[in-house]
Enquirer: 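Shown below is the structure under consideration.
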Amino acid sequence: MNQPVAFPDAATLKAWRHDFHRHPEIAFEEHRTHDRIVAILREHGLEPVTGLGGGTGVVVTIEGRRGPGPSIGLRADIDALPIEEANELDYRSTIPGRMHACGHDGHTTMLMGAACALARDPDFAGTLHCIFQPAEENEGGARVMVEEGLFTRFPMDAVYGLHNWPGLPVGEAAVHDTAVMAAFDVFTLTLKGRGCHAAMPHLGDDTLLAACQLATQLQGVISRETPAHQSAVLSITQFHAGDAFNVVPGTVELRGTVRCFDAALKARLEQRLRDAVAACAAFHGLTAELDYQARYPATLNAPEHAARCAEVLEGLPQVTRVHRDLPPSMGSEDFAFMLAERPGAYIWLGNGDSAALHNPAYDFNDALAPLGVAYWQALARALLAA
C-alpha cells in the first residue's frame, strides 16, 4: 500500500484546529468556518464549491492523475454546539455559549489536511470529493445536502465518514460491519386539563399525576415489550409544569427521545408511545397533543466497505489496534442520511482519555489529527488505485 505523505505537518494541523476551536459556530451559522475552509483549500491550489448545505457547506473535488476510475466521497462535519466551554485553554472558545464539544474542529482539520496532501500528489485513478458538512448536531445538515442534490451534482459510488471516540486510545480504531449509531426521534407531549387549587384537586384534573404515571409507564415499552436482543432507549429529558406552590397546573409538557437500530421496531415504539399517551389522557380526562418527529435514521455500514476501511487502518503504522467487536452506540449521527443514499462506512478513531463528547470539558486530541490525515489519504489511494 502506498504510504501517505507527511503533509501538512502536525504543527500546521494544530494551528488550523485551534483556530476553528476558538471560533465555534452552530448549525447553519458556520460562516467564518466556511470561509476559513475555503481560504485554506485555495491556498493549496484547490477550487472548492461553496454555499452548499443551506449556505455553509463546502465540497472540493480532486481528480486523480491516472485517469478515469471510481468516484468516492469523504465527509467531515464542521459545526459546534450551544455549550459554554469549561476548559482553560489558550485556544478556548471566544464565543459565549458556543463550543466545539464534539471534535468537529478536529474532523474538519483532518479532512482539510488530507485534501491538501492528495491535491499535491493525486497519484490515483478516479475522482475524490471532500465534503465539509454543516449542521450535524440535531439539525440534519447531511439530509439538507442530500436533498439539495449532493450525489447528483457530485456523483459518488461510495461515501465515508469518521468520528473521534473518547475512551479509545489514540492509535486504536473501531469498525462495525453494520450498525454503528442509533436512529434518533424526538417528541414533545402536552397534557391539558382543568387547573385547580392544590387544596381541592377534586375540582380539577391532575396533569402532573398523569405525566408522572406516563413517564414511568413508558419505560415498560422498552423493558417489557422490546425483545431483549434489540437495543432501544426511550428517555424523558424535559418536564415543564406549574409556577406556584398551591396550584395544580392545567398544562404539563414532556419532551424526550426514542433511539433504536431496527426500522420496524422504531415504528412500533412510536405507535406504542401514541397508544400510551391516548390511554393515559383518556383515563385522567385530559387532552393530549403529541408532536413526534423522526430526526436521524440509524447509521448502517455496508459490510464490504467496512472491511476495506479496516484493512486500510490495519496497514497504517500509526494504528496499533482495530476493534471489530465493539457494541454500536445509542448516540446518533446524520451521516446516516448519506449512507442511506450511497454505500460506505463510518468509523471511530480513538481520542484517548478525554472528557466525553458534548461535555463542557471535552477537547479534541491534537495527537489524533496526523493519524486522521494519514487514514483519509490511505483510504482514498486504496479505493482509487488504478
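For the numbers below, each heavy atom of this structure counts, side chains included, while hydrogens, waters and symmetry mates do not.
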Enquirer: Tyr292 and Leu286: same hydrophobic cluster, using ILVMFWY side-chain contacts below 4.5 Å?
Expert: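 As far as the 4.5 Å side-chain criterion goes, Leu286 and Tyr292 are connected within one cluster.
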Enquirer: So, taking the atom named CZ in Phe261 and the one named CD in Gln230, what distance separates them when rounded to the nearest 0.5 Å?
Expert: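 Rounded to the nearest 0.5 Å, the CZ-CD separation comes to 11.0 Å.
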Enquirer: Do Arg295 side-chain atoms and Asn138 backbone N/O form a donor-acceptor pair below 3.5 Å?
Expert: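 Checking the backbone N and O of Asn138 against the side chain of Arg295, a donor-acceptor pair under 3.5 Å is found.
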Enquirer: Does the side chain of Cys309 come within less than 4.5 Å of Tyr375's, by heavy atoms?
Expert: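 Result yes, sub-4.5 Å side-chain heavy-atom pair found.
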Enquirer: Taking side chain as C-beta onward, heavy atoms only, is Pro24 less than 4.5 Å from Asp105?
Expert: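 Answer no - side chains too far apart.
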Enquirer: Do Arg42 and Glu47 pass the side-chain contact (heavy atoms from CB on, under 4.5 Å) test, and can you show the C-alpha distance, the side-chain angles, and the key distance before you say yes or no?
Expert: CA-CA 6 Å; Arg42 285 177 175 166; Glu47 287 300 325; 4.2 Å; yes
Enquirer: For the ring pair His107 and His104, is the centre-to-centre distance below 6.0 Å?
Expert: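 Ring-ring flag for His107/His104: true, centres closer than 6.0 Å.
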Enquirer: Tell me if a side-chain donor or acceptor on Thr320 pairs with a main-chain N or O of Gly171 at a distance below 3.5 Å.
Expert: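 Yes, Thr320 side chain to Gly171 backbone: donor-acceptor pair under 3.5 Å.
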Enquirer: To the closest 0.5 Å, what do you measure between NE2 (His23) and NE2 (His31)?
Expert: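 It comes to 15.0 Å.
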Enquirer: Could you check whether any side-chain heavy atom of Ser354 comes within less than 4.5 Å of a side-chain heavy atom of Tyr362, counting everything from C-beta outward?
Expert: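 Yes, at least one pair of side-chain atoms sits under 4.5 Å.
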Enquirer: Can you tell whether the side chains of Arg268 and Asp262 come within less than 4.0 Å, N to carboxylate O?
Expert: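 Here Arg268 does not pair with Asp262 in a salt bridge, since their nearest N and O are not under 4.0 Å apart.
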Enquirer: When you measure from the side chain of Thr216 to the backbone of Gln213, do you find a donor-acceptor pair of N or O atoms at a distance under 3.5 Å?
Expert: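 It does hold such a pair.
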Enquirer: Is it the case that one hydrophobic cluster holds both Val248 and Leu189, taking links as side-chain heavy atoms less than 4.5 Å apart, direct or via other members?
Expert: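 In one cluster with Val248: Leu189, no.
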Enquirer: Is the backbone N or O of Phe364 less than 3.5 Å from a side-chain atom of Asn351, with the two atoms forming a donor-acceptor pair by type?
Expert: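 A pair under 3.5 Å: no.
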Enquirer: If you count heavy atoms of other groups shown closer than 6.0 angstrom to CG of Asp275, is the number above 12?
Expert: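 Yes - once you tally the heavy atoms of other residues, nucleotides and ligands closer than 6.0 Å, there are more than 12.
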Enquirer: Please give me the minimum heavy-atom distance between Leu313 and Val319, naming the atom from each residue.
Expert: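 Nearest heavy atoms, Leu313 then Val319: O-CB, 3.4 Å.
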Enquirer: Where do Cys102 and His163 land on the side-chain contact (heavy atoms from CB on, under 4.5 Å) test, with the steps shown first?
Expert: CA-CA 9 Å; Cys102 202; His163 207 290; 3.3 Å; yes
Enquirer: Look only at the side chain of Glu136 and the backbone of Ala142, and say whether a donor-acceptor pair between them is shorter than 3.5 Å.
Expert: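 No, Glu136 side chain to Ala142 backbone: no donor-acceptor pair under 3.5 Å.
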Enquirer: Going through the checks in order, is the side-chain contact (heavy atoms from CB on, under 4.5 Å) test met by Arg17 and Tyr91?
Expert: CA-CA 9 Å; Arg17 208 278 293 184; Tyr91 55 88; 3.3 Å; yes
Enquirer: To the nearest 0.5 Å, tell me how far Asp79 CG sits from Thr56 OG1.
Expert: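 If we round to the nearest 0.5 Å, Asp79:CG and Thr56:OG1 are 8.5 Å apart.
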Enquirer: Work out which heavy atom in Ala114 is nearest to a heavy atom in Trp376; give both atom names and the distance.
Expert: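 Looks like CB-CB, 3.5 Å.
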Enquirer: Does some side-chain heavy atom of His284 sit less than 4.5 Å from a side-chain heavy atom of Leu209?
Expert: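 Counting from C-beta outward, Leu209 and His284 do come under 4.5 Å.
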Enquirer: Checking side-chain contact (heavy atoms from CB on, under 4.5 Å) for the pair Ile26/Glu137: CA distance, chi angles, key distance, verdict?
Expert: CA-CA 8 Å; Ile26 61 173; Glu137 300 290 357; over 6 Å; no
Enquirer: So, does Glu30 use its side chain to make a donor-acceptor pair with the main chain of Phe28 at under 3.5 Å?
Expert: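 Yes; judged by distance alone, with no hydrogens or angles, the pair exists.
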Enquirer: May I ask whether Leu254 and Ile222 are part of the same hydrophobic cluster, defined by side-chain heavy atoms of I, L, V, M, F, W, Y residues being less than 4.5 angstrom apart, directly or through others?
Expert: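 As far as the 4.5 Å side-chain criterion goes, Ile222 and Leu254 are connected within one cluster.
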Enquirer: Between the main-chain N or O of Asp77 and the side-chain N or O of Thr108, is there a donor-acceptor pair closer than 3.5 Å?
Expert: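 Yes; judged by distance alone, with no hydrogens or angles, the pair exists.
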Enquirer: Any side-chain heavy-atom pair from Leu218 and Leu273 closer than 4.5 angstrom?
Expert: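 Result yes, sub-4.5 Å side-chain heavy-atom pair found.
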Enquirer: Quick check: does any side chain N or O of Thr178 sit under 3.5 Å from a backbone N or O of Pro303, one acting as donor and the other as acceptor?
Expert: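 Flag not set: sc Thr178 to bb Pro303 has no pair under 3.5 Å.
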Enquirer: Closer than 3.5 angstrom, by distance alone: can the side chain of Arg98 be matched with the main-chain N or O of Glu25 as a donor-acceptor pair?
Expert: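 No.
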Enquirer: Of the non-hydrogen atoms in Ala27 and Ala135, which two are nearest, and what is the gap between them?
Expert: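 Closest approach of Ala27 to Ala135: CB-CB, 3.6 Å.
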Enquirer: Verify the cluster assignment for Leu162 and Trp16: are they in a single hydrophobic cluster under the rule of side-chain heavy atoms below 4.5 Å apart?
Expert: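 In one cluster with Leu162: Trp16, yes.
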Enquirer: Could you tell me which non-hydrogen atom of Thr50 sits nearest to which non-hydrogen atom of Val38, and how far apart they are?
Expert: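 What the structure gives for the nearest pair is CG2-CG2, 3.5 Å.
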Enquirer: Please assess Arg324 against Asp177 for the test salt bridge (charged side-chain N to carboxylate O under 4.0 Å, His left out), listing each intermediate value before the final yes or no.
Expert: CA-CA 8 Å; Arg324 300 304 309 275; Asp177 283 336; 2.4 Å; yes
Enquirer: Which distance, rounded to the nearest 0.5 Å, do you find between the NE2 of His129 and the CE of Met156?
Expert: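 Here the interatomic distance stands at 5.0 Å.
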Enquirer: Can you tell me how far the CG atom of Leu46 sits from the CD1 atom of Ile37, to the nearest 0.5 Å?
Expert: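 Result: 12.5 Å between the selected atoms.
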Enquirer: Which heavy-atom pair separates Met110 from Ala369 by the least distance, and what is that distance?
Expert: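 Closest heavy-atom pair between Met110 and Ala369: CG-O, 3.6 Å.
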Enquirer: Partners of Phe184 by ring pair (Phe, Tyr, Trp, His ring centres under 6.0 Å), sequence neighbours excluded?
Expert: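 Ring pair (Phe, Tyr, Trp, His ring centres under 6.0 Å) list for Phe184, sorted by chain: Tyr296.
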Enquirer: Would you compute the distance between atom NE2 of His18 and atom CG of Asp90 and round it to the nearest 0.5 angstrom?
Expert: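 These two atoms lie 7.0 Å from each other.
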Enquirer: Taking the side chain as C-beta and beyond, is there a heavy-atom pair between Leu234 and Gln219 under 4.5 Å?
Expert: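 The answer is yes, as the side chains (C-beta and beyond) meet within the 4.5 Å cut-off.
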Enquirer: Looking only at non-hydrogen atoms, find the nearest pair between Tyr160 and Phe335 and report the distance.
Expert: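 Nearest pair, atom of Tyr160 first, then Phe335: C-CZ, 3.3 Å.
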Enquirer: Set out, in order, the CA-CA distance, both residues' side-chain angles and the distance that settles salt bridge (charged side-chain N to carboxylate O under 4.0 Å, His left out) for Glu270 and Arg274, then state yes or no.
Expert: CA-CA 6 Å; Glu270 177 185 351; Arg274 293 184 181 279; 3.1 Å; yes
Enquirer: Any side-chain to backbone donor/acceptor pair from Asn246 onto His197? Under 3.5 Å, distance only.
Expert: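 Side chain of Asn246 to backbone of His197, a donor-acceptor pair under 3.5 Å: no, none is there.
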Enquirer: Output, in order, the C-alpha distance, side-chain angles, deciding distance and verdict of salt bridge (charged side-chain N to carboxylate O under 4.0 Å, His left out) for Asp157 and Arg342.
Expert: CA-CA 7 Å; Asp157 300 308; Arg342 294 293 184 274; over 6 Å; no
Enquirer: Would Met330 and Ile236 show up in the same hydrophobic cluster when neighbours are defined by side-chain heavy atoms closer than 4.5 Å?
Expert: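 They do not share one cluster, since no chain of ILVMFWY contacts under 4.5 Å joins Met330 to Ile236.
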Enquirer: Looking at side-chain heavy atoms only, is the closest gap between Trp165 and Ser329 below 4.5 Å?
Expert: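 Side chain of Trp165 against side chain of Ser329, heavy atoms only: contact under 4.5 Å found.
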Enquirer: Could you tell me if the side chain of Trp348 sits less than 4.5 Å from the side chain of Val180, heavy atoms only?
Expert: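 SC-SC contact between Val180 and Trp348 confirmed.
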